[in-house]
Amino acid sequence: MIFIVVKFAVKPAYVDQWPEKVAEFTRATRAEPGNLWFEWSRSLEEPDTYVLCEAFQDDAAEAHVTSEHFAEALETMRPLVTRTPEIVSTTIEGATGWSRMGELQVD
C-alpha cells in the first residue's frame with residue numbers, strides 16, 4: 001500500500017472555500033480503481049492548513065498522478081496555496097488498509 005500525507009498551506013482568502021475548490025478532484029480520486037481512501041482534515045494548530053491523507057494499492061498510484069484530474073487539480077490549487085505543499089509518501093509492505101489501534105481497544 002502506498003500511504004501519502006500532504007499538508008497544504010492555503011491563502012487566508014481561500015481557506016474556507018478549499019473543500020469546495022478541491023471537491024471535483026476529491027470525487028474523481030475516490031472513484032479511481034485502487035484508491036483505498038482520500039480524506040481531508042483541517043489543522044487545529046494551523047487553521048489555514050489542510051491535511052490530505054490518502055492511500056492507494058501499490059499499482060494504482062502511478063495512474064493517479066498521471067490522470068487528467070490530477071493535472072487539473074494542480075492548476076486549481078496552485079494559486080490558492082502560500083507555498084509548496086509538504087508531503088510524506090511511503091510504501092507499507094503487506095498493508096491493505098487501516099488496522100485497529102492496539103493501545104486503545106474499545107469493544
Side-chain angles (χ1 to χ4, degrees):
M1 172 177 76
I2 298 173
F3 181 74
I4 304 163
V5 178
V6 188
K7 292 174 71 173
F8 296 85
V10 179
K11 292 177 181 175
Y14 301 108
V15 73
D16 290 330
Q17 301 167 17
W18 183 262
E20 173 187 321
K21 297 284 189 184
V22 298
E24 178 58 29
F25 176 51
T26 300
R27 185 202 59 72
T29 302
R30 288 176 177 167
E32 290 177 17
N35 176 258
L36 299 173
W37 62 80
F38 193 86
E39 299 178 9
W40 292 98
S41 299
R42 193 165 176 184
S43 173
L44 296 176
E45 290 78 22
E46 300 172 38
D48 291 348
T49 298
Y50 280 87
V51 180
L52 175 60
C53 179
E54 57 186 314
F56 298 88
Q57 295 169 344
D58 291 348
D59 57 349
E62 184 176 352
H64 170 63
V65 298
T66 59
S67 70
E68 185 176 324
H69 61 266
F70 186 86
E72 290 172 0
L74 295 180
E75 294 310 310
T76 296
M77 291 185 274
R78 192 176 317 279
L80 308 180
V81 297
T82 61
R83 63 179 180 270
T84 301
E86 298 172 294
I87 187 169
V88 174
S89 178
T90 190
T91 299
I92 304 173
E93 296 297 329
T96 58
W98 292 98
S99 300
R100 291 172 48 127
M101 182 178 177
E103 298 82 3
L104 180 61
Q105 292 290 312
V106 179
D107 290 319

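Side chains included, hydrogens not; waters and symmetry mates left out as well; all remaining heavy atoms used.
Cluster membership for Leu52 and Ile92, using ILVMFWY side-chain heavy atoms within less than 4.5 angstrom, is not shared. A continuous path of hydrophobic side-chain contacts links Ile87 to Leu80 [ILVMFWY only; heavy atoms under 4.5 Å]. Taken together through direct or relayed side-chain contacts under 4.5 Å among Ile, Leu, Val, Met, Phe, Trp and Tyr, Leu44 and Val51 form parts of separate hydrophobic clusters. Linking ILVMFWY side-chain heavy atoms closer than 4.5 Å, directly or via other members, places Ile2 and Val88 in two distinct hydrophobic clusters. In the hydrophobic clustering of this structure, Val81 groups with Leu74; members are Ile, Leu, Val, Met, Phe, Trp, Tyr whose side-chain heavy atoms approach within less than 4.5 Å, directly or through other members.
In terms of heavy-atom proximity, Gly34 sits nearest to Ala60 at CA-CB, 3.6 Å. What you find for Met1 and Asp58 is that their closest heavy atoms are N-OD1, 2.7 Å. Between Val15 and Pro47 the shortest heavy-atom distance is CG2-O, 3.5 Å. Asn35 approaches Ala55 most closely through the heavy-atom pair ND2-O, 3.5 Å. Taking every heavy atom of both residues into account, Thr49 and Ala9 meet most closely at OG1-CA, 4.1 Å. Of all heavy-atom pairs between Ser67 and Glu32, the closest is OG-OE2, 4.2 Å.
Using a 4.5 Å heavy-atom cutoff, the side chains of Gln57 and Leu36 are in contact. For the pair Gln17/Val10, no side-chain contact is recorded, criterion being any heavy-atom separation below 4.5 Å from C-beta on. A 4.5 Å side-chain heavy-atom check between Val106 and Met101 finds every atom pair outside the cut-off. In this structure, Met77 and Val22 have side chains that are in contact, with non-hydrogen atoms separated by less than 4.5 Å.
Within a 6.0 Å radius of CD in Glu39, other residues, nucleotides and ligands contribute more than 12 heavy atoms. No more than 12 heavy atoms of other residues, nucleotides or ligands shown are found within 6.0 angstrom of OH on Tyr14. Counting heavy atoms of neighbouring residues, nucleotides and ligands inside a 6.0 Å radius, atom CD of Gln105 exceeds 12 of them.
Scanning for salt bridge (charged side-chain N to carboxylate O under 4.0 Å, His left out) contacts around Arg30 gives an empty result, with sequence neighbours left out. Residues passing the ring pair (Phe, Tyr, Trp, His ring centres under 6.0 Å) test with Phe3: none are found, sequence neighbours excluded. For Phe8, the ring pair (Phe, Tyr, Trp, His ring centres under 6.0 Å) partners at least two apart in sequence or on another chain are Trp18, Trp40.
Atom NZ of Lys21 is separated from atom OH of Tyr50 by 12.5 Å, given to the nearest 0.5 angstrom. Lys11 contributes atom NZ, which lies 13.0 Å from atom CZ of Arg83 (distance to the nearest 0.5 angstrom). In this structure, NZ on Lys7 lies 14.0 Å from OG1 on Thr84, to the nearest 0.5 angstrom.
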Item to complete: In sequence, state the C-alpha distance, the side-chain angles, and the governing distance for His64 and Glu54, and then conclude on side-chain contact (heavy atoms from CB on, under 4.5 Å).
Response: CA-CA 11 Å; His64 170 63; Glu54 57 186 314; 3.6 Å; yes
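Classification of the His69-Phe25 ring pair by plane angle, with boundaries at 30° and 60°, yields tilted.
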